[in-house]
Asks: 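Okay, handing you the structure first.
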There are 2 protein chains.
Amino acid sequence: MTSISCETCPLRRKSFFRPFEEEQIDFLARFKSGELTVDPGTHILIEGSTAPQFYTVLDGMGLRYKTLENGRRQVINFLFPGDLVGLHAGLLGEMKHSVEATTAMRLCVFKRDDLWTLFRNQPSLAYDVTWITATEEHFLGETVATLGQRTGTQRVAWALLKVYQRLRALDIGKEGEVPLPYRQQDMADALGLSLVHTNKTLARLRERQLASWGEGRLRIPDVDTLAEVALADAALPDMRPLL
Amino acid sequence: MTSISCETCPLRRKSFFRPFEEEQIDFLARFKSGELTVDPGTHILIEGSTAPQFYTVLDGMGLRYKTLENGRRQVINFLFPGDLVGLHAGLLGEMKHSVEATTAMRLCVFKRDDLWTLFRNQPSLAYDVTWITATEEHFLGETVATLGQRTGTQRVAWALLKVYQRLRALDIGKEGEVPLPYRQQDMADALGLSLVHTNKTLARLRERQLASWGEGRLRIPDVDTLAEVALADAALPDMRPLL
DNA sequence: CGCAGTGTTGAAAATGGTCAAGAGGGGTGG
DNA sequence: CCACCCCTCTTGACCATTTTCAACACTGCG
């Protein structure tokens, strides 16, 4: 399996990612220390560890979660191509959550120590790192609002909508249908609902023809209607930088 | 009301904040464009606006919240001295939430446009900005886990503990007792609980002598026991940079 | 004095959780 | 090749945490 060069990275060509200057790409090419390919179910990062590396997701899907002292698991978010993974270990010294691959994944590997070089020599890339972190923070704020203020049905609708929009922005799947390889338990753990209630809520959304998720595929006949139910905005996410 | 100079900023002397190099302080002194003093109840930033400024809280307390389309309010977090406010407007172009002063507040004002200068000329400060944003993101991840996986009692205990620890790290209040000027409704909106249920849960925590909050003061007889109930870690937060 | 904002308490209603059981699919080993 | 097991999804019944509704006490303020 040969490593993909940053210059011709197929992910970067997607319109979801902001075009970079040649100088920035050159820097990233040197910054990149390798590629990691993992099987479904692999634990990529473990809470409490001090990983010497961090990653950008090139392909595949995963999830970021935290386990509480009572054994319950909170899925913090789902991971898609373009997401930065494990930056916390680089920035804060230790991982505050775990990361697991749901499908097979390919990740671009960076050395944690090079982060400081990036900040010193590439202010525009440093700005992008901060932008990504702030965007992530904003999304978590939305998630807090969802868990705090939305009903079960609204939560499930919101999550399906967000995932659909993100995948469509990446041009994955097609209009009205995207792959969604997670288990219902993952969604339940992400939304703070029980598995049983999540299942029944999904069944109701299917009946009402708002969203139909099964066999790894999510179908949304009418995004605007689902967005209404989700109490959310139907707009696609903004363009973002890709490290 | 004269403006405080960065060189002698009393907040910076607190042991909660990492000492800075003289060069960094000099830069910040030039970076600082003024001071803002507001009365309790003032809306400092409004969701959707494009503020040309962002702030560091020098004194007082406030809260950051978001209003959903159904009118419900989610308090995203409480704001204390040292917190950066409104960086989103600078980084992402527009505010994604609102900020309101609970007590009288004093804020250090920065011009949004200077942020880029900071990234270009002060990589170590840029790193600090990113560190703060990542820490904030981490905290929101904890909040998501709280709303998703903790029971009502655990949530309230967790919030009181976090607030207590943060204030103590700032050396506000004294061992076992800190000021807490928020309303029960604010706490309820932060935890995704109804006001009534929050009130009754607080009463039970008071009966059990775990935490007693009333008349603007929070008393915690035994932090470790409360931490157990909260399913949380009793450690004080790490030292952080102050912009 | 009356009013608005906050805190408190009781009772009824409901959303969501837990328990339990079964169906179906895919992999593995006998 | 079949049997068995494990994992995921599904559904029903019952339970409980939390919400909603309603009323009242207390305070500060115009």
Side-chain angles (χ1 to χ4, degrees), chain A residues 39-41 63 68 70-75 100 102-103 146-160 179-207 211-219 229 231, chain B residues 39-42 63 68 70-75 100-103 146-160 179-207 211-219 229 231:
Chain A
D39 289 330
L63 42 83
L68 271 75
N70 59 359
R72 301 185 56 135
R73 179 182 78 150
Q74 175 68 43
V75 170
E100 186 177 325
T102 298
T103 67
T146 295
L147 300 200
Q149 309 301 335
R150 277 182 247 251
T151 66
T153 307
Q154 291 166 347
R155 287 190 218 189
V156 174
W158 179 85
L160 295 179
L180 196 62
Y182 301 96
R183 295 165 305 157
Q184 292 185 356
Q185 183 72 65
D186 298 325
M187 182 62 72
D189 288 348
L191 295 175
L193 297 171
S194 71
L195 170 61
V196 173
H197 197 250
T198 303
N199 177 291
K200 288 173 181 172
T201 305
L202 283 168
R204 278 193 298 273
L205 288 178
R206 206 176 300 133
E207 269 172 36
S212 160
W213 176 29
E215 288 148 33
R217 283 179 322 190
L218 168 63
R219 260 170 288 197
V229 171
L231 236 49
Chain B
D39 290 330
T42 307
L63 43 82
L68 271 75
N70 59 0
R72 300 184 57 134
R73 178 183 79 151
Q74 175 68 43
V75 169
E100 186 178 324
T102 297
T103 66
T146 295
L147 300 201
Q149 309 301 333
R150 278 182 246 251
T151 65
T153 306
Q154 290 166 346
R155 287 190 218 188
V156 174
W158 178 86
L160 295 179
L180 196 62
Y182 300 97
R183 295 165 305 158
Q184 292 185 355
Q185 182 72 65
D186 297 325
M187 183 61 73
D189 288 348
L191 296 175
L193 296 172
S194 70
L195 170 62
V196 172
H197 196 248
T198 302
N199 177 290
K200 289 173 180 171
T201 304
L202 283 167
R204 277 192 300 272
L205 288 177
R206 205 177 302 134
E207 268 172 38
S212 160
W213 176 29
E215 289 149 33
R217 283 179 322 191
L218 167 64
R219 260 169 287 197
V229 171
L231 235 49

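Just so we're on the same page: letters track the sequence lines, and every chain starts at 1. Just so it is clear, the model here is predicted, and its values are computed rather than measured.
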Asks: Please determine, for the side chain of A/V196, which listed nucleotide (D/dT20, D/dG12, C/dG7) has the closest atom?
Replies: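 The answer is D/dG12, which lies nearest to the side chain.
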Asks: To the side chain of B/L193, which of C/dG17, D/dT18, D/dT10 is closest?
Replies: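 Closest nucleotide to the B/L193 side chain: D/dT18.
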Asks: What's the CG-C1' distance between B/L195 and C/dG7, to the nearest Å?
Replies: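 That distance rounds to 8 Å.
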Asks: Does a side-chain N or O from B/Q184 land closer than 4.0 Å to OP1 or OP2 of C/dT8, or not?
Replies: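 For C/dT8, OP1 or OP2 has a side-chain N or O of B/Q184 closer than 4.0 Å.
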Asks: Kindly indicate whether the side chain of B/L160, heavy atoms from C-beta on, has any atom under 4.5 Å from the side chain of B/M187.
Replies: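 When only atoms from C-beta onward are counted, B/M187 and B/L160 do touch, with a gap below 4.5 Å.
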Asks: Any chance you could lay out the side chain to side chain contact (heavy atoms under 4.5 Å, CB included) test for A/L63 and A/D189, step after step, and finish with the verdict?
Replies: CA-CA 11 Å; A/L63 42 83; A/D189 288 348; over 6 Å; no
Asks: Using whole Å, what does the distance between atom C1' of nucleotide D/dT18 and atom CE of B/M187 come to?
Replies: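 From B/M187 CE to D/dT18 C1': 18 Å.
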Asks: Grab the CD-P distance between A/Q185 and C/dT18 for me, whole Å please.
Replies: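 Going from A/Q185 (CD) to C/dT18 (P), I get 11 Å.
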Asks: Would a 4.5 Å heavy-atom cut-off, applied to side chains only, mark A/D186 and A/R73 as touching?
Replies: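 In contact.
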Asks: Which part of the nucleic acid does B/G41 contact within heavy-atom distance under 4.0 Å: base, sugar-phosphate only, or nothing?
Replies: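 If one applies the 4.0 Å heavy-atom cut-off, B/G41 turns out to touch nothing in the nucleic acid.
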Asks: In whole angstroms, how far is the P atom of C/dT8 from the CG atom of B/L205?
Replies: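 Rounding to the nearest Å, CG of B/L205 and P of C/dT8 are 13 Å apart.
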Asks: Between C/dC19, C/dG16, C/dT6, which one does the side chain of A/H197 approach most closely?
Replies: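 The answer is C/dG16.
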Asks: To the nearest Å, give me how far apart CG (A/N70) and C1' (C/dG17) are.
Replies: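 Those two atoms, CG and C1', are 14 Å apart.
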Asks: Choosing from D/dT20, D/dC9, C/dT8, which nucleotide comes nearest the side chain of A/N199?
Replies: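 Selected nucleotide: D/dC9.
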Asks: Under 4.0 Å, heavy atoms only, any strand: does B/G216 hit a base, just the sugar-phosphate, or nothing?
Replies: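 Here B/G216 touches no strand at all.
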Asks: With a non-hydrogen cut-off below 4.0 angstrom, is A/T151 in contact with a base, only sugar-phosphate, or nothing?
Replies: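 Result for A/T151 = sugar-phosphate.
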Asks: Quick one: does A/W158's side chain have a donor or acceptor within less than 3.5 Å of a partner on A/T146's backbone?
Replies: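 Checked: no pair found.
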Asks: Roughly how many Å is it from OH in A/Y182 to P in D/dC9, rounded to a whole number?
Replies: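 Interatomic distance, OH of A/Y182 to P of D/dC9: 14 Å.
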Asks: Given the structure, check if the side chain of A/K200 and the base of C/dG17 hold any donor-acceptor pair shorter than 3.5 Å.
Replies: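 Checked by distance alone, the answer is no.
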Asks: Taking the nucleotide of DNA chain C with the closest heavy atom to each, which residue, B/R206 or A/T198, is nearer the 5' end?
Replies: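 Between the two, 5'-proximity favours B/R206.
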Asks: Any chance you could lay out the side chain to side chain contact (heavy atoms under 4.5 Å, CB included) test for A/L231 and A/T151, step after step, and finish with the verdict?
Replies: CA-CA 10 Å; A/L231 236 49; A/T151 66; over 6 Å; no
Asks: When the distance from CG of B/L202 to P of C/dG7 is rounded to whole Å, what number comes out?
Replies: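 That distance rounds to 10 Å.
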Asks: In whole angstrom, give the distance that lies between atom CZ of B/R72 and atom P of C/dT15.
Replies: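 Distance, rounded to whole Å: 13 Å.
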